[in-house]
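For reference, the structure discussed in these notes is given below.
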Amino acid sequence: MDRRDFLKYIGAGTAATLVAACTGKKQESKATEEYKRQVEPPTGQMTYRTNAKGEKVSLLGYGMMRLPTKADNDKEFDQEMINRQTDYAIEHGVNYFDTSPVYCQGQSERCTGIALSRHKRSEYFVATKLSNFNSKFWSREASIEMYRNSMKELQVDYIDYYLLHAIGGGMDEFNHRYVDNGIMDFLMKEREAGRIRNLGFSFHGYKNVFDEVLAMHDRYHWDFVQIELNYLDWNFADEINSRNVDASYLYAELQKMGIPAVIMEPLLGGRLNNLPQYLANELKQRAPERSVASWAFRYAGTPQGVLTVLSGMTYMEHLKDNLLSYCPLKPLTDEEMEYLHDDIAKKIVGLENIPCNDCKYCMPCPYGVDIPGIFVHYNKCKNEGLLPRDAGDPQYRTNRRNFLISLDRSVPRSRQADHCIGCGQCEPHCPQKIRIPHELHKLDQMIEELKRTQ
């Protein structure tokens, strides 16, 4: 069990007491001190990066897309806990908070605004997005209303970092969302007026769209660009999904123009933390004192052109572990970078998982299907070597039974793959360009076959 798992199940006070009990009174102070060094991040040690305007931004950014919910009602967000975690983050030097009108079923901006409004405006930068995915928001009036509502929900009179959300599907779509309706001209005037301090875009999609939008820098003067960067996507994004672009290319193009990169998905929705056990063991052998996740965060934060690295930190232990990675950052060596590229990443690619990051952009499904829940369960079983394969395998009956039981526990039967009718409403929203109905139907066929066999 690594530091993240340990913190999830045991509180710091309990753990310190256990340390004292196991080591004896004479060693209590030393043991407690060592424990705190391992799990309690220091204050005043955050690593910062400075943008062209002289703003010092914390290398760790708080992604407000996976907020904690109440223990007795997972449909209701726990504002008290959101406040506590926000306070703790600011206390430890985090000053960049990223949200969107569509995160957390449309409640993220409001929850973020409540938490941040309790602090001085000078203590934080807030980033949000023009998330006008649906064509009903493509009109100038609807897009401006979304922009102004973000300020209202966030309780601010200016936005520090404003993004065109998830461009990359095609230039026709980009023009409809931002150019033909005059929204780009509007946003540039808002930046001139100071109501937007930095203007950029987040990218998921086709290389030609990235190239063409980036080439608009002369006209729009992008202040930053948000890209997906991690040690798997650096060289293998295209191999995992032909409609994605390697992070090495995206980062290099931004560097050529001197545009800071904001990093999303350093853990690929948790996939780089929930590695197969044999890969996790490799990383733990090299650095027993560090969590598996810390390798991915140190990797994402090492390049100097990175302004901040976003993490959706649902639990306090996630926040603490990530703070330990950046308070301060110990950059990866060239040898460590090569090890992640040539050893770990190549082995992950060989697993051939469904490239779901559990971002939930595809949700809600109009027919109730828990799309990310199904994909996450499949990937977990595949990574752990527990998928039932050949009926001749001695473990087939055990794996078959365990897979079906664990699926029912993870995803209610009324929300499983057999309820997908193939309407395709989800597919355009997937940043990873997964052929969602196709994958769901494949899984449904596999599950039905397992149910028929004994």
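We find that D358 and K360 are joined by a salt bridge, their nearest charged nitrogen and carboxylate oxygen being less than 4.0 Å apart.
Put simply, the residue from S131, S108, S202 that forms a side-chain hydrogen bond (donor to acceptor under 3.5 Å, both in side chains) with S100 is S131. Of the residues Q85, E80, Q79, the one that meets the side-chain hydrogen bond (donor to acceptor under 3.5 Å, both in side chains) test with N83 is Q79. The only member of F224, F125, Y161 that meets ring pair (Phe, Tyr, Trp, His ring centres under 6.0 Å) when paired with Y96 is Y161. Checked against E190 for a side-chain hydrogen bond (donor to acceptor under 3.5 Å, both in side chains), the options Y147, Y162, Y158 give a single hit: Y147.
Checked by atom type, the side-chain pair N175/D172 shows no donor-acceptor distance below 3.5 Å.
Ring geometry for W138 against H176 counts as parallel: the plane angle stays under 30°, on a 0 to 90° scale with 60° as the upper cut. Using bins of under 30°, 30° to 60° and over 60° for the plane-to-plane angle, the ring pair H165/Y103 lands in the perpendicular bin. Between H341 and Y299, the ring planes lie perpendicular to each other; the angle is over 60°, past the 30° to 60° tilted range.
Checked against side chain to side chain donor-acceptor pair (under 3.5 Å), R286 has the following partners two or more places apart in sequence or in another chain: E335. For N235, there are no side chain to side chain donor-acceptor pair (under 3.5 Å) partners at least two apart in sequence or on another chain.
Atom CZ of R84 is surrounded by 12 or fewer heavy atoms from other residues, nucleotides or ligands within 6.0 Å.
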Full working for salt bridge (charged side-chain N to carboxylate O under 4.0 Å, His left out) between D157 and K152: CA-CA 8 Å; D157 54 12; K152 176 182 176 182; over 6 Å; no

Steps toward side-chain contact (heavy atoms from CB on, under 4.5 Å) verdict (L340, M337): CA-CA 5 Å; L340 291 176; M337 299 282 272; 5.6 Å; no

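W222 and L164 make their closest contact through CH2-CD1, 3.8 Å (heavy atoms, listed as atom of the first residue, atom of the second, distance).
Sorted by first and then second residue, the salt bridge (Lys or Arg N to Asp or Glu O under 4.0 Å) pairs involving residues 90-102 (not counting sequence neighbours) are D98-K129.
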